[in-house]
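See structure below.
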Amino acid sequence: MAKINIKINNIPLEVEEGMTILQAAKLIQVDIPHLCYHPDQSVRGHCRVCSVEVVGGRKLMPACATKVWEGMEVFTNTKKVYDTQKLLLEMILANHKQECLTCQRNGNCELQNLSKRFNLTSPKLPNVVEKLPVENNATCIVRDLSKCVKCGRCAKACREFQGIEAISYTGRSSHFKVMSAFGENLEKTDCILCGQCTAACPVGALVEKDDTDKVYEALQDPTKHVIVQVAPAVRVALGDAFGMEKASIVTSKMVTALRRLGFDQVFDTNFAADVTIMEEGTELLDRVQNGGTLPMITSCSPGWINFMEKHYPDQLAHLSTTKSPQQIFGALSKTYYPKVSGIDAKDIVTVSIMPCTAKKYEAARPEMGRDGMKDVDIVLTTRELSRMIATAGFDFAELPDDDFDAPMGIGTGAGAIFGATGGVMEAALRTVYEVATGKELVKVEFNDVRGYEGIKESEVDLNGTKVRIAVAHGLKNARVIMDAVRAGKCDYTFIEIMACPGGCIGGGGQPIKTTVDIKKMRMDALYDIDESLPLRKSHENPQVKEVYDNFLGKPCGHLSHDLLHTTYQKVDKKYTF
Amino acid sequence: MMRDEKGMMTPELRAEIDAILTASGNDGSKLVGILLDIQDIIPMHYIPEEVAYYLAEKLNVKVSNVYDVISFYASLYDRPRGQYPIQMCESIVCGVNDNGFVFATLQEMLGIGLNEATADGKYYLECVPCFGACDVAPAVRVNGKVYGHLNSREKIEAMLAELV
Amino acid sequence: MTKTVTFMTRNFNKYDVMSIDEYIAIGGFTALKRAITMDGEDIAREIAACQVKGRGGAAYDMGKKWSQARSEKNPEKVIVCNADEGEPCTFKDRTLIQNDPFNLLEGMIIAGYTMKAQNGYIYMREEYSHLRPILLNAIKQANEKGYLGKNILGVEGFDYQIHLYSGAGAYVCGEGTALVESIEGKAGRPRMKPPYIKQCGLYNLPTCVQNVESLSLVAGILNNGDTYKSYGPADCLGTKLVSVAGNVNRPGVYEIPFGMTVREIIYDLAGGVQGDRDIRLIQFGGASGKIAPASVLDTPYTYDDLKGAGVGVGSGAILVVDERTSVIDFLTTTQQFFSHESCGQCAPCREGNLHIKLLLQKVKAGTHTASDVKLLKQIAETMMITSLCGLGQAAQSALLAAMKHFPQTFEVK
């Protein structure tokens, strides 16, 4: 890249051509205020809060969208700039339902931060917000359009990451809204509940459904035995919510926090991930050997399952019938665990901590339970757990270490990497290779399936048979794969798909302000966990061996089939023609 | 928001819509024109929700995009209007030529308010911005036809008499 | 009516607009026939020699625009005829389409030849749907006669087609990037610039957008450029269509030579003010144009003179408002228009129009304070310097001019 010379606030600097004013100002430690800008999304320049003065121009320029040019002179600190930015913020604030103290995003809201920064203590404008009903009857996502600042970030997440467009721009002028067609309830649209919109929203217009009260209630109930499982991606993200270094590995502090919150047992979803590999790996080999539907596609990601049921209902046979780790844990927590612990299943409350909003929907599916009991009773996102920890007043970064409990507390490195795109594939290959070839896999890393690329492909040699595999994350990429599958134009045997960009580490329930850079750090952290563990193959997990020896029998056996496998159903569109 | 019952799409309407789609080559980029053409043939001159879903499926575009277009353009409507939607110009040229008389007279003669239809669904009153008939202000526009110089009760009556 | 001229309007009522044969019989397509013997650059030069400025409102040098469009390297290019005449009080393009559709087509075909475009799109506002049959017929007949299609007039490789697209009631679609979004089947919300549509417009192709009136000038200039240059003062050659309406006795479209005074236009052509009343204000160029008191009457109608008087040509509209309407009533009606037409995507225009509407209501009710007036001005100025597109930037032109010319309107009681 060529270098060019510019001046910002009279400070000369040499920057790369193609940079925006917003990026260049960071080099002189100036954070130009912005609201609609998101580093992972296309730039549309709609809020204009980043307007700055460029010498020679009559109008102000949006810093997020204006690229620097040779000799450009920018001022971010004149009275004109300050007055303009402040008035724009005041206008946006005047059309925002200001229930800040009772808002889920209180203290973590970009508009709140900006109004603090601009000292908006004496608003000149009347509040003009339109009173609209809050859509809070959903399982996963709560929408309050009266809080929407019309930045469009949710719509861009839905379109640019996921290709769904369940919500988009509608209307015009003061009726301009970002919402679903005909104002339909989100769950009834093409929405797959991934929650990427909640992660993109700068304010509290789109938030996860808060289920923490249900957990507090269970924890207070002396007749209940409350157990918790934690997904692999939570332990590399939770620290972000407490200002720790990004992507810190906080597994043992998290266990302590959960124990001190009052959970009777703290278990690890990584254990269930290892069971998933046993089932899914066996299922794959069975499909290959007995002419089952191929390619087989993973089924861990509930957003992805929703996507298939709504958008590719004719292709459901490709999905592995193996339940997700959350639901495998849930099923075992109400069958195997009572048997081992002697506690009546009716008295057990199973809580999940997940990086995901769609997991709430998955747990609520009618098929996910038995005898009138849910397998997983309550699902909290990483964000909800961080709020519980904050409420308890724990100094999270300083908490002592603790370990998961038996009999569902050991996870291998294979289970750990489930949280990153490519992780399920790699974990499965580690086991499938050894089962299929009877040989020991010495080098366990499959680097071809690692990394942030949207679609990754590779080929594995299983005893002389070449098996083609693919990995995709983000549903826009998934659509590319599924169109090829539908057209019969792909020679893959096994495909891993995760709904969210980056996999679960980039899930819609992860701490706010997750960017691609942070996701990459979380991926690295998961691979670090994997490398640090003595056991890195699911079938070597001693607790997994126990559960098969003492309870399930064999993978894909009768009881497994009953407890650990599921079915999928076409979701009818609102209108069929 | 007006909610549609399913069943708007009669086989006859579907055939007419299909003919419009075929004439425009099933080209999603012609969505704006397609919607206008469909709105013309629907008796109450709007785009029912079910029709929007149908178009999304046939043109392979997202229904959210279809709705965005309907809700963005002022000449497209997502709720029933009337057989004869009377569009009264509310812009400045008609404004300085006493369009208030037109508004008041039409409301009184039809017994309806703004954005309301007569009980039989025949007439519907709405305000629209300037449609470029300033040389004959004050003016109204009904299903594409302009009626100008409406500065007397007789002229307004004559205009209504034409709408049959 | 002797003061009007007939350069652009020379064919009005001379032929049946549904008949290409009659158009040919009165000399139609002779300009095109001449054009195809010329180098495109020379065509652009002839237009530049006539000092033609684009008639959509921005008044960009047309010859320069054509020359720039020619220099775009992309093998595929697009011409768009902007017939989305949405400025209130503007109906000159309607008149041109209604009375001389083939002349417009001829201009568009010459534009296609000059810029080496393959496709031309006429984007006409839905409000003019009654003119669709005229244009569709004209396009059809031009195809039948070989003025459109492949190897036009036997020129190898001169392949050009014209398509008619309809707007659907959105003033903002007159803005170039919103217009191309609309032709692509989307809501017409303006795109961020850059990229500019001249490089990356409709379907990401280099796109040259020209107003109906601009294109309607082309054939006349190629045939009789000297006649065109014989009109107007030396620094503002030619003729212009103006649409005069409001409180005048003979509202209508008039072709004037540049340099005629505003008084002559209003009193001699448009028949003066209804009931000989006094003029309250005159607005130039549509709702986004500036206003002036009657003192502007003796200003010659040229780009520079109007600018000097604090107004502008804009869309060519001249709205005369007499003493019966107060300045504040005028402003609230104009504001109603922008409150309806803002596309809503950028914050200053969406929120600004909302607050200005409320503040004007206070001024009208007489309940405003000095700080309200200050705020009104601050919001208007912020909209002007921060809005994403021309709509938001120009929406408060009239208000800001009113604050200057009619300060008593805003006096705190």
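Residue numbers start from 1 in every chain, and the chains themselves are labelled A, B, ... in the order their sequence lines are given, proteins ahead of strands.
At a threshold of 4.0 Å, the pair B:D135-C:R94 counts as salt-bridged, since one of the basic side-chain nitrogens sits closer than that to a carboxylate oxygen. Between B:K30 and C:E184 there is no salt bridge, since no side-chain nitrogen of the basic residue lies less than 4.0 Å from a carboxylate oxygen of the acidic one.
Counted within 6.0 Å of NZ on B:K122, heavy atoms from surrounding residues, nucleotides or ligands total more than 12; the atom is thus considered enclosed. Within a 6.0 Å radius of CG in B:D120, more than 12 heavy atoms belonging to other residues, nucleotides or ligands are found. Heavy-atom neighbours of C:K357 NZ from other residues, nucleotides or ligands within 6.0 Å: at or below the threshold of 12.
Looking only at side-chain heavy atoms (C-beta outward), C:Q274 and B:N97 come within less than 4.5 Å of each other. A heavy-atom distance below 4.5 Å is found between the side chains of B:F72 and C:V172. Side-chain contact between B:N65 and C:K186 is absent, with no heavy-atom pair separated by less than 4.5 Å.
C:S129 OG to B:F131 CZ: the interatomic distance, rounded to the nearest 0.5 Å, is 11.0 Å. The distance from atom CG of B:N143 to atom NE2 of C:H130, rounded to the nearest 0.5 Å, is 14.0 Å. Note that CG of B:L35 and OG of C:S166 are 11.0 Å apart. Values are rounded to the nearest 0.5 Å.
Shortest non-hydrogen contact noted between B:C130 and C:P88 is SG-CA, 3.5 Å. Residues C:A187 and B:V69 approach most closely at N-CG2, 3.7 Å, considering heavy atoms. Nearest heavy atom pair, residue C:A168 against residue B:Y73, reads O-CB, 3.2 Å. The two residues B:V93 and C:A245 come nearest to each other via the heavy atoms CG1-CB, 3.8 Å. Residues B:A74 and C:H340 share a closest heavy-atom pair of CB-CE1, 3.7 Å. The two residues B:V96 and C:N247 come nearest to each other via the heavy atoms O-ND2, 2.9 Å.
Each of B:L36, B:I70, B:L31 has some count of heavy-atom pairs under 4.5 Å with chain C, and the biggest count is that of B:L36. Most heavy-atom pairs under 4.5 Å with chain B, from the set C:E85, C:Q283, C:Q336, C:E87: that is C:Q336. Taking B:G33, B:S71, B:A137, B:P129 one by one and counting their heavy-atom pairs under 4.5 Å with chain C, the maximum is reached by B:P129.
If you measure heavy-atom distances from B:I92 to chain C, the contacts under 4.5 Å come from both the backbone and the side chain. Using a 4.5 Å cut-off between heavy atoms, C:C343 contacts chain B through both its backbone and its side chain. Proximity to chain C is absent for every atom of B:Q87, based on heavy atoms less than 4.5 angstrom apart. With a 4.5 Å cut-off on non-hydrogen atoms, C:Y171 does not touch chain B at all.
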Problem set entry | Worked verdict on C:R189 versus B:D68 for side-chain contact (heavy atoms from CB on, under 4.5 Å) | CA-CA 11 Å; C:R189 299 197 187 87; B:D68 183 19; 2.7 Å; yes
